[in-house]
Amino acid sequence: MPLFAAFFGALFSSLGVFLAKLFAAKLAIRIAGVAVLVALASGLVTAFNGWIVPLLSLLFNTQYGQFLGLAFPPVAGTVMTTYMTAVLAVATYKLQAHAVTVTANL
């Protein structure tokens with residue numbers, strides 16, 4: 001009986017270690033996905049507000065720029081950033097789901 005108890009103890013402890021490693025891998029993938037999204041979103045906001053908004057404001061000062069101003073309001077950089085962040089979120093979710101599937105099949 002003590003041998004049987006030791007076998008079950010070893011079996012359940014190794015199962016617990018395996019499940020802990022699997023959970024840690026999934027958690028690490030999720031944290032990495034969120035970190036990538038935050039970095040990309042802040043980078044896109046900086047890029048659009050630093051480069052595109054001044055460019056558009058210079059274009060709006062021309063004769064044809066008044067017409068362009070109707071199509072691209074000053075908030076267009078933030079709108080484009082939000083759109084790109086949503087696209088990147090879907091891509092990251094698909095990548096995360098694939099990575100979790102690959103991890104779970106090991």
Side-chain angles (χ1 to χ4, degrees):
M1 257 342 215
L3 187 59
F4 191 63
F7 172 71
F8 271 118
L11 180 69
F12 285 120
S13 67
S14 63
L15 180 65
V17 169
F18 171 73
L19 290 176
K21 286 182 180 179
L22 183 65
F23 177 73
K26 287 182 181 181
L27 185 63
I29 290 170
R30 288 180 181 159
I31 289 173
V34 169
V36 165
L37 281 177
V38 168
L40 287 174
S42 63
L44 286 172
V45 167
T46 302
F48 277 117
N49 289 336
W51 297 338
I52 306 246
V53 170
L55 177 66
L56 289 177
S57 67
L58 288 174
L59 287 175
F60 293 160
N61 290 332
T62 65
Q63 182 180 4
Y64 299 106
Q66 299 299 322
F67 179 71
L68 287 174
L70 298 173
F72 299 103
V75 76
T78 307
V79 171
M80 290 298 294
T81 301
T82 305
Y83 176 72
M84 291 301 293
T85 304
V87 170
L88 288 171
V90 170
T92 305
Y93 177 76
K94 287 181 181 180
L95 180 65
Q96 175 193 4
H98 177 68
V100 169
T101 303
V102 169
T103 305
N105 287 336
L106 289 177

Query raised in the report: Is Tyr93 reachable from Tyr83 through a run of hydrophobic residues whose side-chain heavy atoms are each under 4.5 Å from the next?
Result: no
Query - Contacts of Leu95 that satisfy side chain to side chain contact (heavy atoms under 4.5 Å, CB included) - sequence neighbours left out - result: none
**Report entry** Residues in side chain to side chain contact (heavy atoms under 4.5 Å, CB included) contact with Ile31, at least two apart in sequence or another chain
**Finding:** Leu27
